[in-house]
Amino acid sequence: QMLKYYKFTINIIILLLINFIISINSFKFTNILNIMNINKSKPLNSVIDDADDIIGKAIGPLPKSSRINFPKDEIPITEYDLWIVGAGTIGQIIAKQWKDKFPNDRIVAETKTTNRHNFYNDIGVIPKLRSDRTSDNSKKVKNVIISIPPSGKSDNNTYIEELTAAYELWAGPLGGGSLIFTSSIAVYGESLGNTIDENFRLDLRSQKSTSMIAAEESILSRGGAVVRLAGLYTSTRGPHSYWLTIDKVDGAADGLINLIHYEDAASIVLLASQYNAGKISPTIGGLVGGFQQVFLGSDNKPVSRRDICLAALDSGLYPNAKLPQFSSESGPTGKICNSKLTLNLLNYQLKHKSFTHHMRCTIGGLPDNEIEEEKKSPVKSLSSLWMPGDDIDNLDLQL
């Protein structure tokens, strides 16, 4: 009898437990249905935020990292479309080209002096001195072009600090623009007997090249791009305008100089900025597109020191000048730049074929057939060229 009583009691307990579990589950299910019904017009995240725990007590909103739809990064609000840091001769041309192409853009041209400010005001560009830049401008600029050479700074650390301060203007990739630094082919050093392109090894032996290499790295590491430019010239600016004023040039007469016209250099910088911002699709392979890009600007027609002077004399712009002497007639084999990869990548055709063509044909009015073809070999001595970008364009040349 006792055994039957125990079995009956155990069965009753089991039935009560089953009934209790069924009741609890039914209560939970009803609450969930009510939540879904009340919030069916709300997004799923909101329903999850209002969900109850097992005993019906509100647990509050879930942490941000647990949400199904993650919050998007904020797009920075920019005040300026372009800020040119070091708006000397090339910066002036870049500002004019940019304004012509994007007339509604707000452009700032930052200079060391006020010498060019009237020009910038006349074309609708905002001129500023370096001292006018403040922390309020930080991350407020869509596109930044930095064109300041290391020669204007007392040491490399100070120069990098100045580049970093200029970088702070940039709103970053999320701003939809780009960061560009105008460098120099000085980073390749002498590179005797070599053809230089965008991917050629850099020279770490000289202070001049290492300063520029460090500057390039500070920009590339932040998602910017670099444009390495050959020697810059116009009809009245460049090595010829100096050499024709002295009696003797320190360098071999047949030493070749890589050059590019200021106008073409500015156009390459502008297109590189658009490419870096993803507004130009790659036209060929061979370079890494988008951020951390390296471009090379040269007309691929190196000219000897003697021919630079002769072409300048043929232009008629220097009637009282005479051909200077040179420290030697010939020098060792040097390097030569080949920027065809960059020109193809940006789909750009040079407006100025070469220095000799520009001076003799464009300025001097001679027909094209009067121009002697540049010798293809041998390649002679080529020195490191000056840095573009400041108001005096670094006329302390090492040619």
Asks: Tell me, with the steps shown, if Asn199 and Leu341 meet side-chain contact (heavy atoms from CB on, under 4.5 Å).
Replies: CA-CA 10 Å; Asn199 301 310; Leu341 195 57; 4.3 Å; yes

Asks: According to the interplanar angle, ranging from 0 to 90°, do the rings of Trp98 and Phe102 count as parallel (below 30°), tilted (30 to 60°) or perpendicular (above 60°)?
Replies: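 Taking Phe102 first and then Trp98, their aromatic rings sit tilted (interplane angle of 30° to 60°).
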
Asks: Do you see a donor-acceptor pair shorter than 3.5 Å between the side chains of Ser209 and Ser206?
Replies: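 Checked: Ser209/Ser206 side chains pair up, N/O donor to acceptor below 3.5 Å.
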
Asks: When you look at Leu296 and Ile185, which way does the side-chain contact (heavy atoms from CB on, under 4.5 Å) test go after all the steps?
Replies: CA-CA 8 Å; Leu296 177 61; Ile185 61 172; 3.7 Å; yes

Asks: Rounded to the nearest 0.5 Å, what separates atom CG in Asn118 from atom CG in Asn121?
Replies: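 If I round to the nearest 0.5 Å, the distance is 6.5 Å.
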
Asks: Please determine whether side-chain contact (heavy atoms from CB on, under 4.5 Å) holds for the pair Ser241 and Tyr318, giving the CA-CA distance in whole Å, both sets of side-chain angles, and the decisive distance to 0.1 Å.
Replies: CA-CA 9 Å; Ser241 64; Tyr318 304 92; 4.1 Å; yes

Asks: Can you name the closest pair of heavy atoms from Ser339 and Asn300 and give their distance?
Replies: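 Between these two residues, the closest heavy atoms are N-OD1, 2.7 Å.
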
Asks: In terms of hydrophobic clusters joined by side-chain contacts under 4.5 Å, are Leu323 and Phe355 together?
Replies: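 Yes.
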
Asks: Report yes or no: do Ile123 and Ile94 belong to one cluster of Ile/Leu/Val/Met/Phe/Trp/Tyr joined by side chain heavy-atom distances under 4.5 Å?
Replies: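 Linked within one cluster.
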
Asks: When you compare the side chains of Ser178 and Ser273, does any donor N or O come within less than 3.5 Å of an acceptor on the partner?
Replies: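 Their side chains do contain a donor-acceptor pair, which is all the 3.5 Å distance test asks for.
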
Asks: Any side-chain heavy atom of His117 sitting closer than 4.5 Å to one from Leu129?
Replies: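 Answer yes - side chains close enough.
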
Asks: So Thr362 and His357, side-chain contact (heavy atoms from CB on, under 4.5 Å) or not? Walk me through it.
Replies: CA-CA 7 Å; Thr362 306; His357 184 276; 4.1 Å; yes

Asks: Out of curiosity, Cys309 SG to Gln325 CD, how far, rounded to the nearest 0.5 Å?
Replies: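 Here the rounded value is 12.0 Å.
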
Asks: For the OH atom of Tyr188 and the CE atom of Met212, what is their distance to the nearest 0.5 Å?
Replies: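 The distance works out to 11.5 Å.
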
Asks: Under a 4.0 Å N-O cut-off, is there an ion pair linking Lys301 with Asp299?
Replies: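 No, no charged N to carboxylate O under 4.0 Å.
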
Asks: Just so I know, are the side chains of Phe181 and Glu216 near enough to count as touching, which here means a heavy-atom distance under 4.5 Å?
Replies: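 Result yes, sub-4.5 Å side-chain heavy-atom pair found.
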
Asks: How long is the straight-line distance from OG1 of Thr342 back to NZ of Lys340, given to the nearest 0.5 Å?
Replies: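 Going from NZ on Lys340 over to OG1 on Thr342, the span is 13.0 Å.
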
Asks: If we ignore hydrogens and angles and just use 3.5 Å, is the side chain of Asp197 paired with the main-chain N or O of Asn338 as donor and acceptor?
Replies: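 Checking the backbone N and O of Asn338 against the side chain of Asp197, no donor-acceptor pair under 3.5 Å is found.
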
Asks: For residues Arg228 and Ser298, is any side-chain donor paired with an opposing acceptor at under 3.5 Å?
Replies: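 No.
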
Asks: Under 30°, 30 to 60°, or over 60°: which ring-plane class applies to His352 and His261, parallel, tilted or perpendicular?
Replies: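 Rings of His352 and His261: parallel, as their planes differ by under 30°.
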
Asks: What about Leu179 and Ile77, same hydrophobic cluster or not, with Ile/Leu/Val/Met/Phe/Trp/Tyr joined at side-chain heavy-atom distances under 4.5 Å?
Replies: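 No, because Leu179 and Ile77 fall into different hydrophobic clusters, even though each may have its own neighbours under 4.5 Å.
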
Asks: What is the minimum heavy-atom distance between Ile268 and Gly297, and which atoms define it?
Replies: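 Looking at all heavy atoms of both residues, the shortest contact is CD1-CA, 4.1 Å.
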
Asks: For Lys139, does the NZ atom sit with more than 12 other heavy atoms under 6.0 Å from it, leaving out its own atoms?
Replies: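 Buried by this count: over 12 neighbours within 6.0 Å.
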
Asks: Are the side chain of Asp81 and the backbone of Ile107 linked by a donor-acceptor contact shorter than 3.5 Å?
Replies: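 No; zero donor-acceptor contacts below 3.5 Å.
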
Asks: How close do Thr236 and His240 get, heavy atom to heavy atom, and via which atoms?
Replies: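 Closest pair (atom of Thr236, atom of His240, distance): N-NE2, 4.0 Å.
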
Asks: Would you mind reporting whether Phe295 and Val226 have side-chain heavy atoms less than 4.5 Å apart?
Replies: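 They are not in contact (no side-chain heavy atoms under 4.5 Å apart), so the answer is no.
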
Asks: If only atom types and distance count, is the side chain of Tyr120 paired as donor or acceptor with the main-chain N or O of Gln92 below 3.5 Å?
Replies: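 Side chain of Tyr120 to backbone of Gln92: a pair is present.
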
Asks: Considering non-hydrogen atoms only, spot the tightest contact between Arg222 and Ser218 and give its length.
Replies: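 What the structure gives for the nearest pair is NH1-O, 2.7 Å.
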
Asks: Is there side-chain contact between Gln274 and Asn143, with heavy atoms separated by less than 4.5 Å?
Replies: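 The answer is no; the side chains never approach within 4.5 Å.
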
Asks: Looking at Arg305 and Phe326, what are the two nearest heavy atoms and their distance?
Replies: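 Where Arg305 meets Phe326 most closely, the heavy atoms are CB-CE2, 3.7 Å.
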
Asks: For Leu244, run the side-chain contact (heavy atoms from CB on, under 4.5 Å) check against Leu313, Val249, Leu317 and tell me which one passes.
Replies: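 Exactly one option meets the side-chain contact (heavy atoms from CB on, under 4.5 Å) with Leu244, and it is Leu313.
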
Asks: Just how far is it from atom CG of Asn347 to atom CG of Leu271, taken to the nearest 0.5 Å?
Replies: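 Asn347 CG to Leu271 CG: 8.5 Å, rounded to 0.5 Å.
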
Asks: Side chains of Lys353 and His358: does their closest heavy-atom pair fall under 4.5 Å?
Replies: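 The answer is no, as the side chains (C-beta and beyond) never meet within the 4.5 Å cut-off.
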
Asks: Mind checking the CD1-OH spacing from Ile180 to Tyr275? Nearest 0.5 Å is all I need.
Replies: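 Separation between the atoms: 11.5 Å.
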
Asks: For Asp264 and Tyr348, test the side chains for any donor-to-acceptor distance below 3.5 angstrom and give the result as yes or no.
Replies: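 A pair is found: one side chain offers a donor N or O, the other an acceptor, under 3.5 Å apart.
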
Asks: Find out whether Leu232 and Arg237 are in side-chain contact, i.e. whether some heavy atom of one side chain is under 4.5 Å from a heavy atom of the other.
Replies: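 They are not in side-chain contact.
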
Asks: Please answer whether the main-chain N or O of Ile145 pairs with a side-chain N or O of Trp83 as donor and acceptor at a distance below 3.5 Å.
Replies: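 Side chain of Trp83 to backbone of Ile145, a donor-acceptor pair under 3.5 Å: no, none is there.
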
Asks: Give me the atom names and distance for the closest heavy-atom approach of Ala230 to Asn258.
Replies: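 For Ala230 versus Asn258, the nearest heavy atoms are CB-O, 3.6 Å.
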
Asks: When you compare the side chain of Glu162 with that of Thr158, does any pair of heavy atoms fall below 4.5 Å?
Replies: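 The answer is no, as the side chains (C-beta and beyond) never meet within the 4.5 Å cut-off.
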
Asks: Should Pro324 and Asp247 count as side-chain neighbours, where that means a heavy-atom distance under 4.5 Å?
Replies: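 Pro324 does not reach Asp247 side chain to side chain.
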
Asks: So, the side chain of Ser315 versus the backbone of Arg360: is there a donor-acceptor pair under 3.5 Å, distance only?
Replies: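 No, because the side chain of Ser315 does not come within donor-acceptor range (under 3.5 Å) of the backbone of Arg360.
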
